[in-house]
Amino acid sequence: MNSTVVTPHLAGADPAPRILRNGRSGLYRTYLLFGAPGSGKGTQGKALGMVPSFFYCACGDVFRSIDTRTKIGQAFIQYSSRGELVPDEISIELWKESISGHVETHRFKPELDALLLDGIPRDLKQAELMESLIEVVKVFHLSCPDRCTLVERLKRRALKDNRLDDANEAVIHKRLETYEIETKPVLGYYGSALIHKIDATQSPARVLWEILRVITGQG
Ligand code: ADP
């Protein structure tokens with residue numbers, strides 16, 4: 001699989017190919033779902049991914065689908081069970097491979113579909129490494145300043161989804177700290193013009209409605 005090939009694409013519903021930022025072409029037209037663990041990115045991504053012309057990709061799911069008997073699968077367990085990020089180069093390579101696979105099998109059609117990313121880029125280095133691959137059109141920041149709400153949501157998810165990384169409170173707190181220190185600066189990388197902040201404590205339907213308003217040009 002050639003993970004470096006990025007297929008040129010047209011913008012969502014636009015009839016003509018878009019002139020992309022920096023005059024470059026061949027970038028995936030991308031919406032980022034951004035927020036702390038437990039902020040609801042996956043819930044929104046799965047719902048939006050059901051809409052034709054959107055392709056949802058959660059980086060955590062990419063990692064979780066790796067055979068845990070492999071070296072890389074073991075590395076994922078090691079980092080995620082400590083609430084730490086998997087090293088950047090590995091993360092980006094895996095993500096690229098996964099996306100290329102979806103392009104090859106036509107599940108993701110970059111010339112027609114917009115990409116909805118969840119969990120990547122997760123730090124500044126990843127944002128830089130992805131600069132030549134994605135054109136970020138909007139960052140949906142699912143904001144939840146109340147950490148207690150997030151901790152409660154993650155604990156509930158741990159029971160439901162059998163997630164190692166949500167299994168104990170110490171790991172949850174480490175993940176929230178990793179988010180604050182390593183992930184949150186990514187917002188500054190893209191800048192306020194691209195960011196749409198949404199109160200993540202609202203109902204999932206309300207959050208979805210706000211995202212759709214923006215995507216459809218009514219927000
Ligand atoms: P959440 O949705 O709760 O934020 P994810 O399912 O996205 O959690 O990720 C689970 C774990 O997978 C992370 O804590 C981290 O160890 C690893 N991971 C996911 N995405 C990345 C990434 N882009 N870079 C490095 N590690 C990642």
Side-chain angles (χ1 to χ4, degrees), residues 3 28 30-49 56-68 70-99 115-131 133-134 136 139-144 146-187 189-190 198 200-201 204 207:
S3 58
Y28 298 135
T30 301
Y31 294 97
L32 298 185
L33 294 166
F34 193 92
S39 61
K41 304 180 299 284
T43 303
Q44 297 303 321
K46 281 180 206 123
L48 289 159
Y56 170 58
C57 173
C59 194
D61 292 343
V62 172
F63 283 127
R64 277 184 289 277
S65 70
I66 299 167
D67 187 337
T68 51
T70 61
K71 224 172 138 191
I72 207 148
Q74 282 296 314
F76 166 65
I77 290 185
Q78 187 197 328
Y79 288 105
S80 64
S81 64
R82 290 199 301 245
E84 294 170 6
L85 298 184
V86 176
D88 295 325
E89 269 81 8
I90 303 179
S91 301
I92 298 296
E93 275 314 307
L94 278 173
W95 173 77
K96 280 203 291 192
E97 256 183 47
S98 169
I99 286 290
L115 184 58
L116 291 160
L117 287 184
D118 161 358
I120 193 162
R122 221 168 172 112
D123 62 22
L124 287 173
K125 175 79 185 164
Q126 293 184 14
E128 280 166 21
L129 289 169
M130 292 172 83
E131 190 64 22
L133 304 168
I134 59 175
V136 176
V139 180
F140 293 106
H141 177 198
L142 308 188
S143 168
C144 182
D146 177 12
R147 290 286 170 253
C148 296
T149 305
L150 295 174
V151 173
E152 283 316 308
R153 283 184 184 181
L154 292 170
K155 283 204 227 152
R156 248 182 285 139
R157 182 170 76 179
L159 296 175
K160 213 170 108 241
D161 297 349
N162 196 20
R163 288 256 315 238
L164 264 183
D165 50 349
D166 294 336
N168 74 64
E169 210 152 322
V171 179
I172 290 178
H173 284 292
K174 175 67 185 166
R175 296 183 70 215
L176 292 173
E177 187 188 302
T178 303
Y179 170 75
E180 289 296 334
I181 296 170
E182 298 187 50
T183 307
K184 226 169 170 189
V186 171
L187 284 175
Y189 182 87
Y190 291 109
I198 298 174
T201 61
V207 173

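Counting convention: from 1, in listed order, for ligands and their atoms alike. We number each residue from 1, following the sequence as shown.
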- F63: ring pair (Phe, Tyr, Trp, His ring centres under 6.0 Å) partners, not counting sequence neighbours: F76
- Note on the structure: Output for ligand 1, non-hydrogen cut-off under 4.0 Å, lists P37, K41, C59, G60, F63, R64, F76, S80, E84, L85, V86, S91, G119, I120, R122, Q126, R157, R163, D165, R175
- Message: When you measure from the side chain of K41 to the backbone of A36, do you find a donor-acceptor pair of N or O atoms at a distance under 3.5 Å?
- Response: yes
- Just by modelled atom types, is the S143 backbone N or O under 3.5 Å from a matching donor or acceptor in the S39 side chain? no
- Query: Does any non-hydrogen side-chain atom of Q78 lie less than 4.5 Å from one of E84?
  - Reply: no
- Answer yes or no: is there a donor N or O on one side and an acceptor on the other, between the side chain of T178 and the main chain of G83, under 3.5 Å? yes
- Query: E131 and Y189: side-chain donor and acceptor closer than 3.5 Å?
  - Reply: yes
